[in-house]
Amino acid sequence: MTTTKIIIDTDPGQDDAVAILLALTSPEIEVLGITAVAGNVPLPLTTLNALKCCELAGRPDIPVYAGAAAPLVRPLITAEEVHGRTGLDGPDLPEPSMALQDGHAVDFIIDTLRREDPGTVTLCTLGPLTNIALAFSKAPDIKPRVKQIVAMGGGAFEGGNTTPVAEFNILVDPHAAQAVLQSGIPVVMMPLDVTHKCLTKRSRIQKYRDLNTRVGEAVALMLEYFERFDESKYGSDGGPLHDPTVIAWLLRPEIFGGRDINVEVETGSELTMGQTVADWWGVTDRPKNVHFVRDVDDDAFFDLLIERIGTL
């Protein structure tokens, strides 16, 4: 079996945690390391949560690095109202015994891309794109070595979830997002347009409890806590499970649908800051720089999650 080598750049977050578990339980994927960035909660908590996720998956061998504590230009926005004070509210996860690696996440990204064969490493981004933009700025030579970037972020027809037009990951660091989209690297974007079709629902959460495992119960508690905010906001049956779509796309691209389009990020207007301007209908002559995903077989997506997490 050929494996896909990835670096997970993340700001855990309950949905980030499920994405990490999915990656670490999938033999088709080799996780070279996890790099933490400030986002859902401040950096000390996102790094701690990344360590907790590795230990929950029984993978203390995964190196975890701390990265950027603030966006490139703007002050940090966090989302404790969604994820709770710790970022992983819900289950009571033990303090990790594994430690952060020495060195900075940006340097780990650079060193890894220089070490691995060109075109073999995929960057899976689950949070703001600060670490990735910093790595590209510090070491432009690594850009042609990246196979692709699969990013959860943005929205077009769904609008935004943090402002009327901006999705959280992009809004936190719009300047980093725009730099990454202009890098020339192939980008697959998992926006709100697809993640809002991946609703947790009570019957789906119950399947994790039915596993009768510590991990299954932890995931159920995470999702119950996480979904309460979006259920209240949208009036939906369950909350959208955003970040695991990134890993699921690597494993089962056939369950998703989208098209190649141009996407740019607004960085100048306070009214529309962080908007992903997606040229779905091709009304401009701007080059296509993103594979923008809009559709998903949501039952197949959740079946994949329960199949893999059920192995723990």
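Everything numeric here is computed off the predicted structure, so don't read it as measured data.
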Check the pair Asp279 / Lys288 against salt bridge (charged side-chain N to carboxylate O under 4.0 Å, His left out), numbers first and verdict last. CA-CA 9 Å; Asp279 186 10; Lys288 297 175 180 178; over 6 Å; no

Validate the cation-pi geometry between Arg294 and Phe157: distance from NZ or CZ to the six-membered ring centre under 6.0 Å, angle to the ring axis within 45°. yes

So does [Y] get a backbone contact from the side chain of [X], meaning a donor-acceptor N/O pair under 3.5 Å?
{"X": "Thr3", "Y": "Glu30", "answer": "no"}
{"X": "Thr47", "Y": "Leu43", "answer": "yes"}
{"X": "Glu80", "Y": "Thr86", "answer": "no"}
{"X": "Arg145", "Y": "Asp117", "answer": "no"}
{"X": "Gln275", "Y": "Val277", "answer": "no"}
{"X": "Asp193", "Y": "Glu158", "answer": "yes"}
{"X": "Gln14", "Y": "Asp89", "answer": "yes"}
{"X": "Thr130", "Y": "Ala68", "answer": "no"}
{"X": "Asn262", "Y": "Pro287", "answer": "yes"}
{"X": "Asn40", "Y": "Pro12", "answer": "no"}

Look at the rings of Trp249 and His291 and say which category their plane angle falls in: under 30° parallel, 30 to 60° tilted, over 60° perpendicular. tilted

Search all heavy atoms of Met98 against all heavy atoms of Glu55 and return the closest pair with its distance. N-OE2, 2.7 Å

Partner set under salt bridge (charged side-chain N to carboxylate O under 4.0 Å, His left out) for [X], not counting sequence neighbours:
{"X": "Lys147", "answer": "none"}
{"X": "Arg286", "answer": "none"}
{"X": "Glu254", "answer": "none"}
{"X": "Glu307", "answer": "none"}

Donor + acceptor pair across side chains of Asp9, Thr125 (<3.5 Å): no

Salt bridge or not between [X] and [Y]? Use side-chain N to carboxylate O under 4.0 Å.
{"X": "Lys197", "Y": "Asp297", "result": "no"}
{"X": "Arg74", "Y": "Glu270", "result": "yes"}
{"X": "Lys138", "Y": "Asp107", "result": "yes"}
{"X": "Lys201", "Y": "Asp299", "result": "no"}

Which other residues belong to the hydrophobic cluster containing Val165, where Ile, Leu, Val, Met, Phe, Trp and Tyr are joined when side-chain heavy atoms lie under 4.5 Å apart, directly or via other members? none

Residues at least two apart in sequence or cross-chain that pass side-chain hydrogen bond (donor to acceptor under 3.5 Å, both in side chains) with His175, listed by chain then number, are none

Partner of Arg308 under side-chain contact (heavy atoms from CB on, under 4.5 Å), chosen from Leu251, Leu24, Leu21: Leu251

How long is the straight-line distance from CZ of Phe108 back to CG of Asn131, given to the nearest 0.5 Å? 11.5 Å

